[in-house]
Amino acid sequence: MSKETIFSKIIRKEIPADIVFQDERATAFRDINPQAPTHVVIIPNKLIPTLNDATPEDEATLGHLLLVAAQVAKQEGVAESGYRLVINCNRHGGQDVFHLHMHLLGGRGMRWPPG
Ligand code: AMP
């Protein structure tokens, strides 16, 4: 069984977080250490440790995360100016929390390539 992270506690509202969106499949909350004026973390409510652990059964949930991201971007007022979505996977990807998540970054210009 996968090991729960702090994100499971956020989903269940056992610890405080600034949740900007939640439904039966996904939760989105403000990153505690924002890297841009808008920095929201979007996660599946189901614990999937990394993208490598996703299965065909998770396909609809993964697609849902993208639609939630677009909705949150609109809600946050960055949809038109633009934003970046990032999924870090494992060590070289810079993943620290092993509950699959997507970063939504906006409110400033993004450099390419990322560091
Ligand atoms: P990653 O490095 O891709 O695993 O990203 C994990 C992100 O979760 C980091 O940007 C952290 O700042 C953020 N984070 C960790 N704990 C919390 C928390 N309790 N509330 C909000 N964001 C968090």
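Heads up: numbering here begins at 1 and tracks the sequence. Note: hydrogens, waters and symmetry copies are ignored here, and every other heavy atom, side chains too, is used. We count ligands from 1, going down the list as the structure has it; atoms in each ligand are counted the same way.
Note that the CG atom of Leu100 and the CG atom of Asn88 stand 10.5 Å from one another [nearest 0.5 Å]. Put simply, CG on Asn45 and OG1 on Thr61 are 8.5 Å apart, with the number rounded to the nearest 0.5 Å. One distance of note links CD of Glu76 with OG1 of Thr38; it measures 5.0 Å at 0.5 Å rounding. Separation of atoms CD1 (Ile11) and CD (Gln22) is listed at 7.5 Å; rounding is to 0.5 Å. Atom CZ of Phe7 is separated from atom CZ of Arg12 by 14.0 Å, given to the nearest 0.5 angstrom.
Taking any N or O of His103, backbone or side chain, at least one lies under 3.5 Å from an N or O belonging to ligand 1. For Asp31, a nitrogen or oxygen atom sits less than 3.5 Å from a nitrogen or oxygen atom of ligand 1, counting backbone and side chain alike. Looking at Val97 next to ligand 1, an N or O pair under 3.5 Å apart turns up. Between Val41 and ligand 1, no pair of N/O atoms sits closer than 3.5 Å.
A donor-acceptor pair under 3.5 Å is formed between the side chain of Asp23 and the backbone N or O of Ala26.
Here the closest heavy-atom approach between residue Cys89 and residue Gln95 is recorded as CA-OE1, 3.4 Å. Taking each heavy atom of Met110 and Ala36 in turn, the nearest pair found is CE-CB, 4.2 Å.
Of all atoms in ligand 1, listed by their number and element, those nearer than 4.0 Å to a heavy atom of Asp96 are 1 (P), 2 (O), 4 (O). Listed by number with element, the atoms of ligand 1 under 4.0 Å from a non-hydrogen atom of Phe29 are 21 (C), 22 (N). Heavy-atom proximity to Asn33, at under 4.0 Å, picks out these atoms of ligand 1: 12 (O). The ligand atoms of ligand 1 that sit less than 4.0 angstrom from a heavy atom of Ile10 are 18 (C), 19 (N), 20 (N).
Residue nearest to atom 3 (O) of ligand 1, selected from Arg30, His101, Gln95, His39: His101 (by heavy-atom distance). Among Ile32, Thr50, Ile87, the residue whose heavy atom lies nearest to atom 14 (N) of ligand 1 is Ile32.
Contact annotation for Val86 and ligand 1: no heavy atom of the residue comes within less than 4.0 Å of the ligand.
Nearest protein heavy-atom neighbour of atom 2 (O) of ligand 1: Gly94 O, 3.0 Å. Among all non-hydrogen protein atoms, the one lying nearest atom 15 (C) of ligand 1 is Phe7 CE1, 4.1 Å.
A heavy-atom separation below 4.0 Å is not found between Phe98 and ligand 1.
For the pairing with Val20, the side chain to side chain contact (heavy atoms under 4.5 Å, CB included) check across Val68, Val41, Val72 returns one residue only, Val72.
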